[in-house]
Amino acid sequence: MTIGVSFPEVLHAARRGDERAMARLYRDVAPLVLGYLRANRVRDAEDVAGDVFVSMVRSLGRFEGGERQFHSWLLTIAHRRLVDHLRRSIVRPEHPVPAEGIEAGLPTVAGADEAGIGGVETAHLLAAVDALTPDQRQVVLLRALADLTVPEIASVVGKPETAVKALLRRAVARLSRVPR
Amino acid sequence: MVSMDPDIAGFDEATADPEWAALAGALRQHYLQAPAPATESRHLAAMAAARPGRRRRRLAVAAAVGAVSLVGGTTLAAAGELPAPVQTGVAALAGHAHISLPAPPASAPPATRPGAGPATPGLTAVRPGASTPLSATTPTTGPQGRGGPTTRRVTPGDEHKRADPPGKGGAKKLDDPGPAVTTPPHPTGPRRPNETTAG
């Protein structure tokens, strides 16, 4: 899920509007953005992700940095869309998305539904992640899916690092009670 | 139970923790999936439509079309070549800005309105206060004696006069059986004794 040393060239070509470069960027980050939105129970995650990628294309000229910073920058856009989505859901309450509905949108992964990686049962783990508060879930997912550092997560979610550390601490404490 | 160090003070270093690695690995394997081909196509099409170069080109084309339309429309309006209703509207609008544009020639038959007074053959209906110059069509011959209607400009305030007063030169009237036009009373005073109506 990385472009590697050719990232600057790909980014430069994408800024010029090269479609192949944009497609390469998209394939690099689409699983991350979609996964982050789906794991946060966003209804119509694919539509929201489409908005994120359109924003990415329009703002690409203002981005500066390497591939890791690019992931963090893009997740910042995705997180803002997520927050907008959550606010709209509060203003206009919708029926909660059943977990089966979210899972149905995901491709089948061999072995993923069977017992565990590293002894953790996936079903129990997903249930435990779902049980986290939205803030806790967001920081855990940014950490787990994108491997962001605490300062990077703090930048994405717009919270102080101390708050992010506290959220992570509580989230990990709850996840540690997941039964085997 | 998963035993992870909840001390987040050193959380960045805790990725080496096998339990955390297992947890993160499970989440990655479950959620980091490539989008379906149809979704990918839809997203890439939206991105292609939003790319900066395409937007700039679209704006440039729109600006060029707008400029051509503006210049062309202005030229046609100045030459009086627009369709009559459009030319009338444009001339009226331009009149508000004190810009004089030619009005289209009136080829429609004279309009009659209730209470508009006696209809005078050859004169079009006049709306008081109309800002557009009016025209009248009279069945007269031209200077060379050819038949057919001719068009004469009538300036506002002049609409009650005959289209072709005799004795003023110009076209000779051959077949104007219409009734004489009665000149309204002089607005500034009584009619002079020797003032006659045209006929």
Side-chain angles (χ1 to χ4, degrees), chain A residues 1 14-17 19 22-23 26-27 30-32 34-36 38-39 46 49-51 53-58 60-61 105-107 109 111-113 116-122 125-126 129 140-141 143-145 147 149-150 164-170 172-173 175-180, chain B residues 1-70:
Chain A
M1 205 186 68
R15 278 179 179 151
R16 289 198 321 264
E19 286 194 31
M22 284 199 294
Y26 171 82
R27 293 190 183 104
L32 182 58
L34 268 173
Y36 181 64
R38 282 171 173 160
E46 293 174 352
D51 290 343
F53 294 124
V54 167
S55 295
M56 177 191 86
V57 169
R58 288 179 178 161
L60 211 51
L106 291 170
V109 177
D113 291 335
I117 299 161
V120 179
E121 288 220 12
T122 304
L125 172 63
L126 296 177
V129 171
V140 162
L141 288 168
R143 175 74 182 184
L145 299 184
D147 199 25
T149 63
V150 168
V164 170
K165 286 178 181 176
L167 285 167
L168 278 171
R169 184 168 52 242
R170 291 190 205 107
V172 170
L175 291 176
S176 68
R177 293 193 286 272
V178 172
R180 283 181 187 272
Chain B
M1 301 284 283
V2 177
S3 59
M4 282 183 288
D5 182 7
D7 182 10
I8 306 300
F11 199 84
D12 279 347
E13 292 76 28
T15 46
D17 182 345
E19 295 294 344
W20 170 257
L23 174 87
L27 289 173
R28 281 190 199 124
Q29 186 166 3
H30 188 76
Y31 283 115
L32 296 187
Q33 307 294 330
T39 304
E40 180 177 314
S41 300
R42 191 158 44 93
H43 286 171
L44 288 175
M47 290 166 64
R51 65 177 187 236
R54 190 183 174 98
R55 291 181 73 206
R56 272 199 292 270
R57 272 197 300 276
R58 270 204 311 233
L59 285 174
V61 168
V65 168
V68 167
S69 301
L70 185 64

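Because the structure is predicted, anything quoted here is derived from the model rather than measured. As a basis for the values below, the full set of heavy atoms in this structure was taken, side chains included, without hydrogen atoms, waters or symmetry mates. Per chain, numbering begins at 1; letters A, B, ... match sequence-line order.
Between Ala26(B) and Leu125(A), the closest heavy-atom pair is CB-CD2, 3.4 Å. Between Arg28(B) and Ala144(A), the closest heavy-atom pair is NE-O, 2.7 Å. When all heavy atoms are compared, the tightest approach of Ala50(B) to Val54(A) is CB-CG1, 3.8 Å.
Between Phe53(A) and His43(B), the ring-plane angle classifies as tilted under the 30° and 60° cut-offs.
Among pairs with a residue in residues 37-49 of chain B, those fulfilling salt bridge (charged side-chain N to carboxylate O under 4.0 Å, His left out) read Arg27(A)-Glu40(B), Glu46(A)-Arg42(B), Asp47(A)-Arg42(B), at least two apart in sequence or across chains.
Once rounded to the nearest 0.5 Å, the distance linking CE of Met47(B) with CG of Leu60(A) reads 8.5 Å. Considering CG of Leu27(B) and CG of Leu145(A), their distance stands at 6.0 Å, rounded to 0.5 Å. To the nearest 0.5 Å, the span separating CG on Leu32(A) from CD on Gln33(B) amounts to 12.5 Å. One distance of note links NE2 of His30(B) with CZ of Arg38(A); it measures 9.5 Å at 0.5 Å rounding.
Residue Leu44(B) touches chain A through its side chain alone, counting heavy-atom pairs closer than 4.5 Å.
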